[in-house]
Amino acid sequence: LRLFDSQSITLTLSANSTGKNRTGVIYLSGIGVNPKPIVVVQSVYTLLKDAELLGRTYGNASFTLTNDATGKTVVYSSSNTGVATISGSTVTITGAGTTTITAQIQGDASSLITKTLTVAKKSLAVSTPNVSREEGAANPLFAINYSGFVNGDDESDLDSKPVVTCAATTGSKTGTYPIVVGSGSDNNYSLTYTNGTLTVTYKIAIPGIENVISLYPNPASDAVSYTHLDVYKRQASNNAVLKKHEISPSRLDICIRVFK
């Protein structure tokens with residue numbers, strides 16, 4: 001190519017590629033001018049792609065890193081194996097947090113590049129179911145249910161397990177009381193909570209006969225039936241009769257005692 005000539009040149013850059021850049025050399029000469037080398041830089045290799053590192057969450061499947069350094073060996077590494085490990089070009093997420101991913105063309109230190117991989121916590125739903133008991137009774141054991149564990153994890157893997165509290169005591173009056181679950185934490189899970197409700201009901205008693213019906217004579221009829229029982233609701237604090245209450249047979253377990 002001579003100086004002052006107007007001409008388009010297509011240059012394929014591959015054989016002389018080094019480092020991050022793809023380079024090629026052409027020579028420009030003209031009248032009275034010695035040939036001068038001109039280095040043409042096309043672009044930088046893309047050894048790490050943002051799209052492959054973004055939006056990762058604990059529990060995601062392994063993924064592969066790709067690059068455009070065709071014909072070259074790219075070596076990858078992770079600075080924090082507690083967040084991610086790399087085998088070849090395959091990244092395996094091991095925990096939530098951040099790690100620095102390094103990529104370098106083998107044998108070429110000038111090609112080194114780093115990017116940050118951020119792994120978000122997995123959402124874990126924690127709830128406690130609604131329960132009930134009679135007034136004067138102790139609170140039942142409050143259960144905790146989980147939804148969202150991954151990688152074979154369970155409650156034993158949590159850094160701090162949730163706890164359940166309820167303000168109701170044996171002396172609490174009838175009504176509803178919140179069952180509050182909370183106070184858990186973990187490096188790999190973001191815990192969200194759903195509370196339950198404890199319902200304290202009236203204690204049912206049949207004055208004088210202690211829930212026993214005696215039948216005479218014996219043998220009695222094969223079929224025993226009744227339409228209703230008169231029962232009373234009592235206040236646990238002072239055992240005072242509040243009101244007479246009619247209850248369906250289907251809602252009261254009774255013992256039938258037969259005498260000869």
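Quantities reported herein were computed from a predicted structural model and do not represent experimental measurements.
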### Trace of the side chain to side chain donor-acceptor pair (under 3.5 Å) decision for Thr98 with Thr118
CA-CA 4 Å; Thr98 60; Thr118 299; 5.7 Å; no
### Query
Yes or no on side chain to side chain contact (heavy atoms under 4.5 Å, CB included) for Leu158 and Leu124, after CA distance, side-chain angles and deciding distance?
CA-CA 11 Å; Leu158 296 177; Leu124 180 67; 4.0 Å; yes
### Query
Can you list the steps and then say if Glu52 with Thr66 is a side chain to side chain donor-acceptor pair (under 3.5 Å)?
CA-CA 8 Å; Glu52 294 175 351; Thr66 61; 2.4 Å; yes
### Query
Should Val200 and Arg133 be marked as a side chain to side chain contact (heavy atoms under 4.5 Å, CB included) after you check the CA-CA gap, both sets of side-chain angles, and the distance that decides it?
CA-CA 5 Å; Val200 177; Arg133 66 166 174 83; 3.9 Å; yes
#### Entry: Tyr45/Asp68 under side chain to side chain contact (heavy atoms under 4.5 Å, CB included): CA gap, chis, key distance, verdict
CA-CA 6 Å; Tyr45 284 120; Asp68 60 3; 3.8 Å; yes
### Message
For a side chain to side chain contact (heavy atoms under 4.5 Å, CB included) check, start with the C-alpha distance between Leu112 and Thr102, then their side-chain angles and the critical distance, and finish with the verdict.
### Response
CA-CA 7 Å; Leu112 185 145; Thr102 300; 3.9 Å; yes
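Side-chain N or O atoms of Thr128 include one that pairs as donor or acceptor with a backbone N or O of Ala143 at under 3.5 Å. Of the possible polar contacts, none joining the Thr170 side chain to the Ala137 backbone as a donor-acceptor pair under 3.5 Å is found. At least one donor-acceptor pair under 3.5 Å links the side chain of Asn195 to the backbone N or O of Val181. With hydrogens and angles ignored, the 3.5 Å screen pairs a side-chain donor or acceptor of Thr94 with a backbone N or O of Gly82.
The shortest non-hydrogen separation linking Ser78 to Thr99 is OG-OG1, 2.8 Å. Across Gly184 and Tyr193, no two heavy atoms sit closer than the pair N-OH, 2.9 Å. In terms of heavy atoms, Asn188 sits closest to Gly95 at OD1-CA, 3.4 Å. Of all heavy-atom pairs spanning Thr197 and Thr176, the tightest one is CG2-CB, 3.7 Å. The two residues Ala168 and Asn139 have their closest heavy-atom pair at O-ND2, 2.8 Å. Among all heavy-atom pairs drawn from Asp186 and Lys121, the shortest one is O-NZ, 3.0 Å.
Contact annotation: the side chain of Tyr146 never approaches that of Asp154 to less than 4.5 Å [non-hydrogen atoms, C-beta and beyond].
Here the CG-CG distance, from Leu65 to Leu47, works out to 10.5 Å after rounding to the nearest 0.5 Å. Rounding to the nearest 0.5 angstrom, the gap separating the CG atom in Leu117 from the CG atom in Leu48 is 10.5 Å. In this structure, NZ on Lys122 lies 10.5 Å from CG on Asp153, to the nearest 0.5 angstrom. Atom OH of Tyr202 and atom NZ of Lys173 lie 9.5 Å apart (nearest 0.5 Å). In this structure, the separation between NZ on Lys115 and CD1 on Ile113 is 5.0 Å, given to the nearest 0.5 Å. Tyr177 OH to Thr199 OG1: the interatomic distance, rounded to the nearest 0.5 Å, is 10.5 Å.
Note: the hydrophobic cluster containing Phe149 also contains Ile144 (ILVMFWY, side chain heavy atoms under 4.5 Å, direct or indirect links). Hydrophobic clustering (ILVMFWY, side-chain heavy atoms < 4.5 Å, transitive): Val131 and Val180 are in distinct clusters. Using a 4.5 Å cut-off between side-chain heavy atoms of Ile, Leu, Val, Met, Phe, Trp and Tyr, with links allowed through other members, Val150 and Ile93 fall into the same hydrophobic cluster.
With hydrogens and angles left out, the side-chain atoms of Thr201 and Ser132 include no donor and acceptor closer than 3.5 Å. Asn67 and Tyr76 share a side-chain donor-acceptor pair at under 3.5 Å.
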